[in-house]
Amino acid sequence: MYEHYKKARDMSWKVLIDSGINSLPVDLWKIAEHFNLRMHAYSKSGIIPFLKEDVLQGDGFIVYIGDRKEIFINDKINHRSRRRFTMAHELGHGILNHDISKVHYRNNENDSQTDMQELEANVFARDILMPATVLAALNIHTPEEIMKLCDVSRRSAEIRAERMEELYRRNMFNCHPAERKVRELFDDFIRNYQK
């Protein structure tokens, strides 16, 4: 399982670097554009009549339309902060080149212990939206601080805060060259940040 975690984590650093992301909350549209992925709201896409009921109840999904990967986000049932996690999760599927030939709708922020593509997409989303190196540099600890800073849901922030405490205990920041590069990209943001 660690190999899947590492793959997603490392890709999140690469994506932040390659997309030139240097502030929070992360601009997911900029990442989508950089990787030539389109994102659509269910209500504005004209796709609703073609979806099964269980997909309509989910948070979002990614599929091929022609030779292009297209992301659809359910904008009717979720809060904006939860939609952001869904967007990042679906970007993860697209960027990590997961099998998207069949629609799998996202409906959970917890890591799957059996579906490795879902695990990877959740780790990717968490690390894109809430980069540990940046949170550590800002001495962020609580879910409330993470929610405010990263524009994520309470559940996402709680999961990240729990993981951050483990990283703080082990002092596991900036050990990888790519993570150090992410930290450098955020230098101005970190220097100018005020709680």
Side-chain angles (χ1 to χ4, degrees), residues 1-19 21-28 30-31 59-60 78-93 95-96 98 106-195:
M1 186 162 1
Y2 180 71
E3 284 306 310
H4 294 281
Y5 164 82
K6 185 177 166 199
K7 173 185 172 186
R9 179 204 65 194
D10 292 356
M11 183 58 77
S12 74
W13 293 332
K14 181 178 181 347
V15 166
L16 290 169
I17 294 164
D18 291 351
S19 302
I21 301 297
N22 60 7
S23 64
L24 297 176
V26 166
D27 183 345
L28 296 172
K30 184 176 180 179
I31 293 171
D59 291 354
N78 300 314
H79 298 285
R80 174 177 145 56
S81 57
R82 183 166 167 116
R83 283 194 309 266
R84 281 179 45 77
F85 192 91
T86 299
M87 291 165 65
H89 175 98
E90 298 304 333
L91 283 168
H93 282 310
I95 293 167
L96 291 162
H98 289 162
R106 181 191 170 283
N107 209 10
N108 195 334
E109 295 172 73
N110 296 318
D111 290 344
S112 171
Q113 299 303 309
T114 57
D115 186 330
M116 290 304 110
Q117 287 190 12
E118 290 302 303
L119 170 76
E120 288 178 6
N122 276 350
V123 169
F124 177 88
R126 177 196 71 202
D127 289 354
I128 282 288
L129 292 169
M130 304 166 278
T133 184
V134 178
L135 297 180
L138 296 170
N139 197 29
I140 299 294
H141 288 266
T142 69
E144 291 75 20
E145 291 173 309
I146 295 170
M147 286 171 57
K148 180 180 174 188
L149 180 62
C150 301
D151 193 13
V152 296
S153 70
R154 171 164 291 285
R155 183 67 188 134
S156 291
E158 288 170 349
I159 292 167
R160 184 40 140 182
E162 185 178 309
R163 175 73 178 145
M164 285 298 295
E165 289 311 310
E166 181 181 331
L167 295 173
Y168 281 125
R169 277 193 302 277
R170 295 169 45 210
N171 193 25
M172 292 299 292
F173 302 103
N174 303 315
C175 299
H176 190 283
E179 186 180 24
R180 288 192 295 273
K181 178 66 176 168
V182 168
R183 168 63 176 75
E184 290 169 15
L185 279 173
F186 280 82
D187 272 349
D188 286 341
F189 176 80
I190 291 164
R191 193 171 19 261
N192 296 315
Y193 178 73
Q194 296 176 2
K195 284 189 182 185

Closest contact, heavy atoms only, Leu96 versus Ala121: CD1-N, 4.5 Å
Nearest atoms (heavy-atom pairs only) where Pro25 meets Cys150: CB-O, 3.6 Å
Taking every non-hydrogen atom, the tightest pair across Cys175 and Arg180: O-NH1, 3.2 Å
Sidechain-backbone polar pair: Arg84 side chain, Leu28 backbone, donor-acceptor under 3.5 Å: no
Atom pair CD/OH of Glu165 and Tyr168 - distance to nearest 0.5 Å: 7.0 Å
Whether Trp13 and His176 hold their rings parallel, tilted or perpendicular, with breakpoints at 30° and 60°: tilted
Whether over 12 other heavy atoms sit under 6.0 Å from Glu162 CD: no
Nearest-0.5 Å distance, CG of residue Leu185 to CD1 of residue Ile17: 6.0 Å
Test applied, side chain to side chain contact (heavy atoms under 4.5 Å, CB included); reference residue, His89; option that passes from Asp59, Asn122, Ile128, Leu129: Asn122
Side chain to side chain contact (heavy atoms under 4.5 Å, CB included) evaluation trace for Glu120 with Phe124: CA-CA 6 Å; Glu120 288 178 6; Phe124 177 88; over 6 Å; no
Arg183 side-chain N/O to Asn174 backbone N/O, donor-acceptor pair under 3.5 Å: no
4.5 Å side-chain heavy-atom contact, Leu149 and Leu135: yes
Candidate list Leu138, Thr133, Leu24, test side chain to side chain contact (heavy atoms under 4.5 Å, CB included), partner Ile190, passing option: Leu138
Ile21 side, atom CD1; Ile31 side, atom CD1 - distance, nearest 0.5 Å: 4.5 Å
Parallel, tilted or perpendicular, as decided by the 30° and 60° cut-offs, for the rings of Tyr193 and Phe189: tilted
Gln117 and His4 side chains, donor-acceptor separation under 3.5 Å: no
Positive for side chain to side chain contact (heavy atoms under 4.5 Å, CB included) with Met130, one of Arg163, Met147, Met164, Arg160: Arg160
Value rounded to 0.5 Å, distance of CZ in Arg126 from CD1 in Ile159: 9.0 Å
Note: Glu158-Arg154 ion pair, threshold 4.0 Å (strictly below): yes
